[in-house]
A.B. asks: 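To start, I am sharing the structure in question, which I have written as structure tokens.
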Amino acid sequence: MLIKRAADLRESDVTPKETFLRRREFLAVAGSTAVAVATNGLGPVFTATPTAAAQNPAAQKLANLKKSPFSTDEKLNSYKDITTYNNFYEFGLDKADPGKYAHTLKPKPWSVVVEGQCGKPGAYNIEDIMKWAPLEERIYRLRCVEAWSMVVPWVGYPLSEFLKRFEPTSKAKYVEFKTLVDTRQMPGQTEPALNWPYVEGLRMDEAMHPLTLLGLGLYGEVLPNQNGAPIRLVVPWKYGFKSIKSIVRVRFVETEPINTWKQQQSSEYGFFANVNPQVDHPRWTQGSERRLGEFFRRKTLMFNGYGDQVASLYAGMDLRKNY
Ligand SMILES: Nc1nc2c(c(=O)[nH]1)N[C@H]1C(S)=C(S)[C@@H](COP(=O)(O)O)O[C@H]1N2
Ligand SMILES: [Mo]
């Protein structure tokens, strides 16, 4: 169906027309394997750190979470918002698709292959990775390049704690991440909506920055499949597309990786993708955004409001050129 609610119009804008039309075929395929999603009458949850047990009783709880001084005290988006309004093109292009179809992803067993310029390459399994540092709750704003935003109580630990284990060499200037490719687990990959696998990258100083999180859960539980189970990035001062989901490969490299969205349309999406209200997307303003659950638009903040912590990373760079 191509009928869109007003709030979703941007998605059709961002989606190349060709792939947008192919969505219908994809839905026919994915729909055949879909199971009914249980719903209940509970409203949104806005208390400090509730679990999502009501919506997702089977999910594994994560205990003894450290509080983080980096958390925002803004009102959280509900578990329902965070798990039913997603971008995860491996499961379809509609915001509701990942929540409906990502049950085919198997986050266990899972391992991450680490390679490139480092002293300890290898394959590491997710149970071990989960224990490499104390888990924290980090409440961050997430700003999508499509000009909507939400507030998510992530669980994870600093990406730096993960990366330093592999002893990156002095030649490691960037780190590249890749998502799983498996058309049985990710049926959207039967469509050439993007070049699979999804690829992202960070400059080493961005990757090691204390705000950059290795995301392993949300709302006190392991990550729901649609949010990138079992392991993803969370880079809060950048547009959401930098926060790659369901990572299986990490590579330390000397040159700037070609990330998926830049490869797709380099005039619209760059490598840095820092949230910047002064640099509009060629087809819409980045000066304001719609927070899910709110009626009026908000002003978008430079670096998504994290400028005090991260602006120095870009000192002397022209952020109009390095978008
Ligand atoms: N592998 C993969 N990672 C991805 C995407 C995707 O399509 N595939 N979408 C990105 C975009 S555009 C956004 S806004 C965030 C959304 O994360 P969320 O669904 O957990 O809110 O995931 C990012 N990570
Ligand atoms: Mo996004």
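Start at 1 and go down the list; that is how both ligands and their atoms are numbered.
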A.B. asks: Under a 3.5 Å cutoff, is there a donor and acceptor pairing between the side chains of Arg138 and Ser68?
C.D. replies: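 Yes, Ser68 and Arg138 have a side-chain donor paired with an acceptor closer than 3.5 Å.
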A.B. asks: Do me a favour and list the nearest non-hydrogen protein atom to atom 6 (C) of ligand 1 with residue, atom name and distance?
C.D. replies: Tyr198 CE1, 3.4 Å
A.B. asks: Determine whether the side chain, the backbone, both or neither of Glu146 has a heavy atom under 4.0 Å from any heavy atom of ligand 1.
C.D. replies: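 Glu146 to ligand 1: no contact under 4.0 Å from either part.
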A.B. asks: Does any donor atom in the side chain of Glu206 or Tyr314 lie under 3.5 Å from an acceptor atom in the other side chain?
C.D. replies: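 On atom types as modelled, these side chains qualify, holding a pair under 3.5 Å.
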A.B. asks: Quick one: which ligand 1 atoms are inside 4.0 Å of a heavy atom on Glu90?
C.D. replies: 1 (N), 2 (C), 6 (C), 7 (O), 8 (N)
A.B. asks: Do the charged groups of Arg320 and Asp318 touch, with an N to O distance under 4.0 Å?
C.D. replies: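 Salt bridge flag = no for Asp318 with Arg320.
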A.B. asks: If we only count N/O pairs under 3.5 Å, is Trp261 in contact with ligand 1?
C.D. replies: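 Checking ligand 1 against Trp261, no N or O pair falls under 3.5 Å apart.
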A.B. asks: Any donor-acceptor pair under 3.5 Å linking the side-chain atoms of Gln189 with those of Thr183?
C.D. replies: no
A.B. asks: Say whether Trp154, considering both its backbone and side-chain N or O atoms, lies within less than 3.5 Å of an N or O atom on ligand 1.
C.D. replies: no
A.B. asks: Same cluster for Val250 and Tyr124 if Ile/Leu/Val/Met/Phe/Trp/Tyr side chains link at under 4.5 Å?
C.D. replies: yes
A.B. asks: Atoms of ligand 1 less than 4.0 Å from Met150 heavy atoms?
C.D. replies: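 So the atoms of ligand 1 that pass are 21 (O).
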A.B. asks: Does either side chain, that of Asn125 or that of Ser111, offer a donor lying less than 3.5 Å from an acceptor on the other one?
C.D. replies: no
A.B. asks: Identify which of Leu142, Leu93, Asn87 has a heavy atom lying nearest to atom 9 (N) of ligand 1.
C.D. replies: Asn87
A.B. asks: Under 4.0 Å from a heavy atom of Ser243: which atoms of ligand 1 are those, numbered in the order shown and with their elements?
C.D. replies: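 Going through ligand 1 atom by atom, the ones under 4.0 Å from Ser243 are 22 (O), 23 (C), 24 (N).
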A.B. asks: What atoms of ligand 1 come closer than 4.0 angstrom to any heavy atom of Cys144?
C.D. replies: 14 (S)
A.B. asks: Quick test: of every protein heavy atom, which one is nearest to atom 20 (O) of ligand 1, and how far off is it to 0.1 Å?
C.D. replies: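 Answer, as residue, atom name and distance: Arg232 NH1, 2.6 Å.
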A.B. asks: Going by distance alone, is a donor N or O of one side chain under 3.5 Å from an acceptor N or O of the other, for Asn195 and Gln263?
C.D. replies: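 Yes - a donor-acceptor pair under 3.5 Å links their side chains.
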A.B. asks: Quick one: which of Arg298, Glu289, Arg143, Glu294 gives a side-chain hydrogen bond (donor to acceptor under 3.5 Å, both in side chains) with Ser149?
C.D. replies: Glu289
A.B. asks: Quick one: nearest non-hydrogen protein atom to atom 22 (O) of ligand 1, plus distance?
C.D. replies: Lys245 CE, 3.4 Å
A.B. asks: Side chains of Gln226 and Asp97: donor-acceptor distance under 3.5 Å anywhere?
C.D. replies: no
A.B. asks: Looking only at distances, please establish whether an N/O atom of ligand 1 is found under 3.5 Å from an N/O atom of Tyr85.
C.D. replies: no
A.B. asks: Numbering the atoms of ligand 1 from 1, which are under 4.0 Å from a heavy atom of Asn86?
C.D. replies: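 Taking each heavy atom of Asn86 in turn, ligand 1 has 18 (P), 19 (O) under 4.0 Å.
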A.B. asks: What atoms in ligand 1 come closer than 4.0 Å to a heavy atom of Tyr89?
C.D. replies: 6 (C), 7 (O)
A.B. asks: Of all the non-hydrogen atoms in the protein, which one sits nearest to atom 15 (C) of ligand 1, and at what distance?
C.D. replies: Gly240 O, 3.6 Å
A.B. asks: Near Thr179, which atoms of ligand 1 are under 4.0 Å from a heavy atom of that residue?
C.D. replies: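 Per the distance check, 1 (N).
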A.B. asks: Just checking, any donor-acceptor pair under 3.5 angstrom between side chains of Glu200 and Asn259?
C.D. replies: yes
